[in-house]
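Here is how names work: the chains are called A, B, and so on, in the same order as the sequence lines, proteins then strands, and each is numbered from 1.
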Amino acid sequence: MGEISDGFIEAVTLIVTLNPEILEIAGRSLYVSVAATLVAALVAIPLGALIYYYDFRGKRAVINIVQTLYALPTVIVGLLVYLLVSYSGPLGSLNLLYTTNAMIIAQVILVSPLIIGFTVAGLTGLDKEMKYTTLALNARAYRALLTLVREAKFAILSAVVLAFGRAIAEVGAVMMVGGNIRHFTRTLTTAITLNTSMGDFAMSIALGIILLTIALIVNLGVNVLQHYNGRVKDE
Amino acid sequence: MSEDILTVRGLAKSYSKKEVVRPLDLSVKKGEILAIIGPSGAGKSTLMRMMDTIEPPSQGEMCIFGEPVTKHSVHRIRGRMGMLFQKTVLFDRTVAENVELGLSYRHLPKIERGERVAAILEHMGLSRFAERGARTLSGGEGQRISFARVLVTRPEILFLDEPTANLDPVSTRILEEMIIRENRENKTTIIINTHDQAQGQRLADRIAVMMDGTFVQIGSADEVFYHPISGKVAKFVGIQNIFTGHVRDGEVVSSQVSFCQVPGSLAGNVQIMLRAEDIALSKTGITGDRRSVSGVVISSARSGAFLEVSVNAGCLFTVIVPFRQTGDVYAPGERVWIGWRSDVVHVIPDTS
């Protein structure tokens with residue numbers, strides 16, 4: 001018991017004294033996950049919108065696959081990206097292995113299905129007359145989609161926030177392709193893993209508190225967005 | 001009324017083997033108002049979306065503004081048409097931004113867009129709403145804004161898909177007046193779907209009856225409402241007295257009631273149709289050149305300003321009389337006389 005309570009006290013001290021190593025790790029975690037979420041959103045929202053907009057053979061199957069990928073195991077993504085960027089892999093010449101960029105790539109792959117799927121769902125949730133209206137007003141496909149995505153913005157934004165939550169909390173993929181290298185690729189999750197195995201509970205608890213706080217803020221953000229989404233629907 | 005502005009040949013639509021619209025033909029003249037009436041699920045909305053080119057047909061061809069609709073011409077053609085839906089669609093922006101949407105899709109300069117939006121709102125008496133959030137409007141106001149959003153693009157053909165189905169009677173009247181005004185002022189060709197046969201009668205030059213995915217009758221309001229081509233159409237256009245009968249000695253007869261002389265060369269079994277409001281009702285007897293029979297009142301019920309009386313006179317007749325003017329009460333069991341002019345009886349061969 002003493003170890004845990006001591007750990008807590010020390011952890012709080014580390015946080016309030018703005019321990020430089022903790023700040024560095026938290027900052028890197030935020031950077032990697034924010035970057036990954038933004039890149040994923042830039043790719044996945046348009047992709048989801050296109051899947052929604054066009055009727056094509058196998059559309060249902062595509063949506064099912066995307067939804068299955070919500071639960072994509074992080075270590076599988078880690079393995080995939082490792083094989084891609086390792087020195088003998090197809091992207092080996094870019095020297096990405098054990099860099100933050102490799103971690104970003106892994107997280108982009110990890111969270112894109114989530115954003116694609118929720119974008120499709122959010123747009124499908126709109127009245128179908130809305131799509132008809134944009135068409136009847138003679139909108140080209142991209143203008144119609146801009147209008148409709150804007151209309152489904154709360155649903156899509158909450159998907160993006162959820163994606164960020166999944167990105168910042170995962171440990172498997174960033175550990176495999178980032179390598180948990182101090183001052184280079186160490187993030188909140190990989191640092192907790194390492195420090196716990198080394199018995200440095202104070203550091204782990206401090207990092208854990210920060211991670212939990214971020215998760216809390218993310219959850220709060222999703223709630224606010226879904227409140228707005230619900231309000232739009234009600235009217 | 002001059003040349004055909006829209007022609008449709010063999011147009012049909014199926015969704016995974018289910019035929020929603022069966023191959024049909026249609027021609028619409030420039031400046032005309034055509035009402036498509038029919039029960040829910042008859043395929044009216046699907047047909048309309050195909051004609052507005054926002055839903056591809058499974059088969060058939062269309063020629064609009066004298067030009068065949070193809071992959072290359074469709075965008076240009078659609079730009080000269082507009083469509084209003086039963087369900088009011090308002091985007092989560094201001095009223096002015098909603099109305100501007102079609103113009104911004106057409107890449108019109110900002111200043112012209114603003115002017116045209118202001119002008120149409122002014123014209124329709126909606127200026128006071130311009131800066132309101134569109135979602136804050138009532139149902140009737142919202143549908144008028146949706147209509148303004150279509151009209152501001154100056155469509156030459158206007159498709160209205162049950163535009164008043166969700167509106168209260170006052171809002172319905174206002175929108176109907178706007179529809180007629182658009183047709184009169186701009187010679188806009190209008191095609192309107194409605195399940196409300198009276199609305200079809202109020203607005204349209206010509207009425208097409210759609211049932212089970214295809215047109216069963218196209219004609220003037222008089223033709224459709226007084227000379228329906230089948231019992232099914234007759235029922236839909238509100239003819240309450242439909243009897244099966246036969247021709248005997250030059251008379252059309254059903255259950256001993258003689259309705260009229262045989263029109264034309266009909267023979268054998270027939271269907272006899274008589275509008276409830278074309279039948280006179282009396283407690284003392286019917287005079288003049290009417291056919292009349294006596295019968296017994298089965299029931300009577302108020303329906304708005306009218307009284308609907310069921311009379312058993314061999315056939316079971318439904319009669320509608322104005323309520324206030326008569327002030328009479330028709331009690332079940334009472335003996336009454338009913339009568340009609342023989343020229344209001346519509347007789348068709350019974351093919352069933």
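- Sorted by first then second residue, the ring-ring contact (aromatic ring centres under 6.0 Å, His included) pairs that include residues 39-73 of chain A, not counting sequence neighbours, are A/Y70-A/F118.
- Checking side-chain atoms of A/Q107 against main-chain N and O of A/A167 turns up a donor-acceptor pair under 3.5 Å.
- Taking a cutoff of 4.0 Å between a charged side-chain nitrogen and a carboxylate oxygen, A/R28 and A/E24 qualify as a salt bridge.
- For A/K131, there are no salt bridge (charged side-chain N to carboxylate O under 4.0 Å, His left out) partners at least two apart in sequence or on another chain.
- Within residues 36-52 of chain B, the residues that have a heavy atom under 4.5 Å from a heavy atom of chain A are B/R49, B/D52, listed by number.
- Close approach to chain A, defined as a heavy atom under 4.5 Å from one of its heavy atoms, is seen in B/Y105, B/R106, B/H107 of residues 105-112 of chain B, taken by number.
- Looking only at distances, a side-chain donor or acceptor of A/T37 sits under 3.5 Å from a matching main-chain atom of A/S33.
- Taking 4.0 Å as the cut-off between side-chain N and carboxylate O, B/R9 and B/E61 do not count as a salt-bridged pair.
- A/S204 contributes atom OG, which lies 11.5 Å from atom CG of A/L211 (distance to the nearest 0.5 angstrom).
- Closest of all the heavy-atom pairs between A/A106 and A/A173 is CB-CB, 4.0 Å.
- Contacts of B/S146 with chain A are absent, with no heavy-atom separation under 4.5 Å from either backbone or side chain.
- The contact between B/E55 and chain A is made entirely by side chain atoms (from C-beta outward), counting heavy-atom distances below 4.5 Å.
- Contacts between B/F85 and chain A at a heavy-atom distance below 4.5 Å involve the side chain alone, from C-beta outward.
- With respect to the salt-bridge test (charged N to carboxylate O, under 4.0 angstrom), the residues B/K87 and A/E129 do not qualify.
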Stepwise side-chain hydrogen bond (donor to acceptor under 3.5 Å, both in side chains) check, A/R143 with B/S104: CA-CA 9 Å; A/R143 290 298 301 273; B/S104 88; 3.1 Å; yes
Trace of the side chain to side chain contact (heavy atoms under 4.5 Å, CB included) decision for B/F129 with B/T94: CA-CA 9 Å; B/F129 297 123; B/T94 67; over 6 Å; no
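- Neither the backbone nor the side chain of B/L84 comes within contact range of chain A; no heavy atom of the residue lies under 4.5 Å from a heavy atom of that chain.
- Annotation: maximal heavy-atom pairing with chain A below 4.5 Å, among B/M83, B/R149, B/M81, B/R78, occurs at B/R78.
- Checking B/E19 against B/S14 by side-chain atom types alone, no donor-acceptor pair falls below 3.5 Å.
- For the options A/L137, A/T134, A/N138, heavy-atom pairs under 4.5 Å to chain B are most numerous at A/N138.
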